[in-house]
2 protein chains.
Amino acid sequence: MLTDLVSNFFCKPPKVNFLMSSTTKTLELLSHFSVARPEIGLTQFCRLALRDKATTYRHLQSLETAGFIEQNPMTKAYRLGPALLQLAETREATVPRKSAALPPLHALADATGETSHVAVISGTTVYGLVSCESPQHGIRAIMDLDTFPLHATASGLCALAFGPAQLLDVACENLHGFTAATPPDRATLVDLIASIRQSGFGQADRTYEDEVKGVSAPIFDQTGNLAGTVAVACVASRFTPELERAIKRNLITASRAISRNWGGTIPASIEAAWANSTTLHMNELDTAS
Amino acid sequence: MLTDLVSNFFCKPPKVNFLMSSTTKTLELLSHFSVARPEIGLTQFCRLALRDKATTYRHLQSLETAGFIEQNPMTKAYRLGPALLQLAETREATVPRKSAALPPLHALADATGETSHVAVISGTTVYGLVSCESPQHGIRAIMDLDTFPLHATASGLCALAFGPAQLLDVACENLHGFTAATPPDRATLVDLIASIRQSGFGQADRTYEDEVKGVSAPIFDQTGNLAGTVAVACVASRFTPELERAIKRNLITASRAISRNWGGTIPASIEAAWANSTTLHMNELDTAS
DNA sequence: AACAACGGTTCAATATATGAACCGACGATA
DNA sequence: TATCGTCGGTTCATATATTGAACCGTTGTT
């Protein structure tokens with residue numbers, strides 16, 4: 001039949017494989033699953049992954065033998081598999097991040113009345129760990145991300161400012177513009193990072209979504225390195241100086257608490273930056289009023 | 001240096017790769033993590049996986065870029081990564097197995113006073129989903145398995161009896177003997193399966209661990225196929241006929257409830273087998289007494 | 001200072017992944 | 001009921017990505 005020619009045409013890759021191992025390509029398939037797209041058929045996978053059918057099929061088989069996906073016997077479509085539950089359980093049992101972050105996060109969301117979340121830095125990626133929506137407002141900033149763009153979110157910028165230096169290069173390789181305010185180039189990013197280092201808070205002013213402002217603080221673990229971030233995402237129209245002060249005050253509390261639960265402490269330099277920037281902030285207000 | 005020759009010697013594979021994709025080999029590395037072994041170094045991985053250092057290193061890198069593992073910055077050892085948490089969350093959000101199984105499972109453990117667990121069948125593997133230890137007894141059967149051997153556990157045998165036919169071949173490919181009572185060959189297994197089909201209950205009498213007897217029942221989902229098993233693992237010395245009756249009665253309840261929660265129902269043939277075998281059981285008792 | 005163990009890297013050899021074409025089944029359409 | 005499009009899955013020659021022996025630099029031990 002000729003029809004496969006057509007369907008293959010739409011699946012063909014842009015003929016450039018950026019030094020990717022076949023395993024990496026295979027594991028990338030998993031990222032196409034989400035709550036909104038829980039089952040994916042073979043052909044649909046081809047389109048999503050921009051690979052041909054035979055390759056995609058074999059990749060899916062590998063994932064299936066590992067228990068990472070399974071086939072719905074009715075629809076023949078693939079969905080996430082049960083092996084993930086066990087691995088996740090082992091991870092959380094041995095490196096309890098989520099459970100240790102939840103209580104301070106809830107307190108933060110309650111105190112600020114805004115959507116709050118915690119992310120973990122692993123390698124050069126910022127993964128969303130858990131988010132907590134305060135029921136206080138009808139309109140809330142919704143952050144349903146799997147990974148946070150380094151250059152466009154408060155958490156990402158916080159990682160750039162306080163994480164390993166190589167992150168900046170990674171960020172600059174993908175400066176996707178989400179809004180008009182997204183940092184467009186390395187220079188802008190470097191300036192932003194400098195001011196974040198000074199204040200001790202990550203800030204993202206409508207850089208990822210219009211009408212959403214984010215403020216974040218770093219989290220450290222027993223290694224002494226940056227291990228994650230805690231952030232508040234706030235509908236921009238509600239973002240008053242008073243709210244900002246409250247958010248920062250509570251972020252400090254949350255960051256200290258989660259860091260302690262993760263086995264780390266806040267470095268003196270950041271404590272100093274916080275002390276400095278929050279009093280500075282007050283001075284600004286005093287001058288303004 | 002000559003030392004790598006030595007370390008490589010101990011890592012060398014038995015020179016037979018059973019038609020495994022590199023991805024499958026890579027994902028197999030993850031199975032070496034457990035609560036007891038949460039962090040694994042490169043060299044240790046080589047020994048566990050029986051592969052050489054370069055290959056293992058590349059595999060680990062693939063897993064790391066996918067966020068499935070991360071390196072402890074202090075020890076350089078690898079541990080499970082944060083991406084697993086998200087995938088597991090998506091899986092459970094879209095295919096809620098665990099949360100839907102928990103309430104009936106707790107009821108089962110409470111009613112029987114024995115360790116109970118639920119497993120899911122995916123492909124040709126029986127994955128442990130959740131287990132529940134009744135606090136009633138000091139001595140409990142502990143089932144801390146990731147996957148259940150098909151031929152040697154009540155859950156596995158239940159899968160063989162009520163799952164897809166191909167499972168039997170898979171089971172016969174690995175008839176590892178755990179105890180003196182482990183079914184040693186296909187013929188024994190076939191007999192066992194036949195009696196399980198008749199009674200509607202999987203049974204494993206010290207086939208996996210000495211002093212542990214297991215009884216299981218099948219779980220079905222909306223596809224009408226076997227989707228999992230619910231089982232009670234019991235210290236053999238406590239296993240009286242009365243306890244067996246109680247276990248079976250409560251297994252039926254649990255199996256019906258979990259199947260309903262998973263979107264399925266118990267096939268009439270199995271309901272009939274249950275009715276038949278439980279009354280038969282009583283008759284036996286009557287005759288005996 | 002010598003040694004061993006570790007994490008990580010190199011390069012030739014080749015085992016393994018790849019994709020165009022193909023197949024059979026299904027469902028919609030007309 | 002004949003036609004078409006789409007789907008999941010399979011084949012095989014080709015070529016590319018994986019492999020492992022040997023190597024390197026560092027660290028900690030004796």
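Numbers restart at 1 for each chain; the letters A, B, ... are given by sequence-line order, proteins then strands.
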Exercise. Could you go through the side chain to side chain contact (heavy atoms under 4.5 Å, CB included) check for B:Y78 and B:L29 one step at a time?
Key: CA-CA 11 Å; B:Y78 299 89; B:L29 292 178; over 6 Å; no

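OP1 or OP2 of D:dG8 has at least one side-chain nitrogen or oxygen of A:T43 nearer than 4.0 Å. Note on B:S22: every side-chain N or O is 4.0 Å or more away from OP1 and OP2 of C:dT16. Under 4.0 angstrom from either OP1 or OP2 of D:dG9 there lies at least one side-chain N or O belonging to A:Q71. OP1 or OP2 of C:dA5 has not a single side-chain nitrogen or oxygen of B:R47 nearer than 4.0 Å. Residue A:Y57 places at least one side-chain N or O under 4.0 Å from the OP1 or OP2 atom of D:dT10. When the side-chain nitrogen and oxygen atoms of B:Y78 are compared with OP1 and OP2 of C:dG8, one or more of them lie within a distance under 4.0 Å. Side-chain N/O atoms of A:H59 include one lying less than 4.0 angstrom from OP1 or OP2 on C:dT18.
One atom, CG of A:D52, and another, P of D:dG9, lie 15 Å apart when rounded to the nearest Å. The nearest whole Å value for the distance from the CD atom in B:E64 to the P atom in C:dG7 is 13 Å. Rounded to whole Å, the distance from CG on A:L42 to C1' on C:dG24 is 15 Å. Atom NZ of A:K53 and atom P of D:dT6 are 11 Å apart (whole Å). Going from atom CD of B:Q61 over to atom P of C:dG8 covers 8 Å, rounded to whole Å. Computed from coordinates, the B:N72 CG to C:dG7 C1' distance equals 14 Å when rounded to whole Å. Spacing between atom CD of B:Q44 and atom P of C:dC6 amounts to 9 Å, rounded to whole angstrom units. To the nearest angstrom, C1' of D:dT6 lies 16 Å from NZ of A:K76.
Residue-to-nucleotide proximity on DNA chain D shows that, of A:T75 and B:A54, the 5′-proximal contact is made by A:T75.
B:R186 has no carboxylate O lying under 4.0 Å from a charged side-chain N of B:E173, or vice versa, which leaves the two without a salt bridge.
With sequence neighbours excluded, the residues satisfying side-chain hydrogen bond (donor to acceptor under 3.5 Å, both in side chains) with A:T24 are A:S21.
The base of C:dG19 sits with one of its N or O atoms less than 3.5 Å from a complementary donor or acceptor on the side chain of A:R58.
The side chain of A:K25 has C:dT18 as its nearest neighbour among C:dC6, C:dT18, D:dG20.
In this structure, the ring of A:F68 has its center less than 6.0 angstrom from the ring center of B:F68.
Side-chain contact between B:F178 and B:P149 is present, with at least one heavy-atom pair separated by less than 4.5 Å.
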